[in-house]
Amino acid sequence: VDGDRVNGACPNHMDPPPFHVDFAEVERVRVGKGPFDVETQGSLGGIVDLITRDPPSGWHVSPALSFGSFGYVNPSATVSWGGEKASALAGFSWRGADADRDGEGLRFTERANYRPDVQGDRAFSVGTGWARLRYTPSFDTSLEVAYTRQEAKNVFYPYLMMDAPWDDTDRLSVSFESRRPRKRTITLITAQAYVTRVDHWMDDAARVSSIDREDRFLVSLELAP
């Protein structure tokens, strides 16, 4: 994401890297084909780089609202300001949906081994906020700081035996770029430092298997002296 490495935290690949980026953040996608990408060290088998939005000149507000089947809703908004030497951008997005229903009108929570008390819960809820500040002291030099926080709550995986109570992501990046035109060439200097963190957890608290475990726990308490 903008050159930052983002890794999923689930060994079963339940949270692939694109999961940790919101649709409203992305401006375009750069795909580098080939056995490796020489611009990105250690990128074996090419690269997929998600490029996020830059703040354009002047004031801009970009709201969006999407609806879909099974109660899917996705409101988002991005506000930006671009000046001669400084610019800023901030945005927020939330998306969620109910459990899908089959041809008989039953939710997947009623088909899989979900507890009766959670069968009416939403299938997922994801909120993302992001901000970017850029300082351009001269035409050929810029310094940028960007931060994104994403929180995903109660993501159901009906084809597995567990679900994700939370799947949170932090992305912080600081980058510097300088372009010095020469007579026949351009000297380009870039530097970037970033920190990415993914906190992902899965358990069976929403499944009937947890009821059996709770019953055994209560019995053990009753038998204890």
Side-chain angles (χ1 to χ4, degrees), residues 1-29 47-53 62-79 89-102 107-132 145-173 194-210:
V1 182
D2 294 329
D4 306 346
R5 295 179 184 271
V6 180
N7 297 303
C10 182
N12 287 326
H13 206 58
M14 292 299 98
D15 62 330
F19 175 85
H20 303 293
V21 184
D22 193 85
F23 310 132
E25 286 186 86
V26 180
E27 177 70 27
R28 59 188 176 90
V29 179
I47 186 174
V48 177
D49 193 10
L50 305 182
I51 311 300
T52 59
R53 295 183 178 184
S62 302
L65 180 61
S66 300
F67 293 97
S69 303
F70 310 109
Y72 176 81
V73 60
N74 177 206
S76 65
T78 302
V79 180
L89 179 148
F92 179 78
S93 173
W94 181 88
R95 62 183 187 270
D98 299 327
D100 297 357
R101 294 180 180 269
D102 60 16
R107 295 168 292 208
F108 68 68
T109 49
E110 299 174 89
R111 292 293 192 184
N113 63 330
Y114 283 90
R115 298 167 54 128
D117 57 316
V118 303
Q119 291 181 359
D121 292 352
R122 297 184 71 82
F124 64 89
S125 175
V126 183
T128 308
W130 60 93
R132 171 175 295 178
V145 179
Y147 174 71
T148 297
R149 169 71 177 181
Q150 182 184 78
E151 295 184 356
K153 303 298 182 185
N154 299 323
V155 182
F156 287 167
Y157 297 96
Y159 54 96
L160 297 177
M161 302 302 292
M162 297 187 298
D163 307 289
W166 69 82
D167 195 348
D168 301 336
T169 308
D170 293 283
R171 303 196 325 263
L172 174 64
S173 176
Y194 65 88
V195 176
T196 58
R197 173 181 176 271
V198 177
D199 184 10
H200 171 81
W201 181 254
M202 296 191 70
D203 62 26
D204 67 339
R207 306 303 181 99
V208 294
S209 55
S210 64

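Hydrogens, waters and symmetry mates play no part in the numbers below; they use all other heavy atoms, side chains included.
Two residues are said to be in side-chain contact when any heavy atoms from C-beta on lie closer than 4.5 Å; Asp121 and Thr109 fail this criterion.
Under the side chain to side chain donor-acceptor pair (under 3.5 Å) criterion, Glu110 pairs with Arg107, sequence neighbours left out. Here Arg101 pairs with nothing under the salt bridge (charged side-chain N to carboxylate O under 4.0 Å, His left out) rule; sequence neighbours left out. Applying the side chain to side chain donor-acceptor pair (under 3.5 Å) criterion to Tyr157, with sequence neighbours excluded, gives no partner residue. Under the rule for a ring-ring contact (aromatic ring centres under 6.0 Å, His included), the partners of Phe156 that lie at least two apart in sequence or sit in another chain are Tyr114. For Trp201, the side chain to side chain contact (heavy atoms under 4.5 Å, CB included) partners two or more places apart in sequence, or in a different chain, are Pro165, Trp166, Asp203. Listed by chain and residue number, Asp2, Arg132 satisfy the side chain to side chain donor-acceptor pair (under 3.5 Å) test with Thr52 (two or more places apart in sequence, or in another chain). Under the side chain to side chain contact (heavy atoms under 4.5 Å, CB included) criterion, Asp4 pairs with Ser173, Gln192, Tyr194, Thr196, not counting sequence neighbours. With sequence neighbours left out, Pro16 forms a side chain to side chain contact (heavy atoms under 4.5 Å, CB included) with His13, Pro18, Phe19. For Glu151, the side chain to side chain contact (heavy atoms under 4.5 Å, CB included) partners at least two apart in sequence or on another chain are Arg149, Lys153, Asp168. Under the rule for a side chain to side chain donor-acceptor pair (under 3.5 Å), Asn154 has no partner lying at least two apart in sequence or in another chain.
Listed by first and then second residue, the salt bridge (Lys or Arg N to Asp or Glu O under 4.0 Å) pairs that reach into residues 6-18 come to none, sequence neighbours excluded.
Residues Gln150 and Thr128 have side chains that bring a donor and an acceptor to within less than 3.5 angstrom of each other. Checked by atom type, the side-chain pair Glu25/Thr148 shows a donor-acceptor distance below 3.5 Å.
Residue Met162 holds its CE atom at 12.5 Å from OG of Ser210, rounded to the nearest 0.5 Å.
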Tabulate below the donor-acceptor pairs under 3.5 Å that side-chain atoms of residues 62-72 make, not counting sequence neighbours, or state none.
none

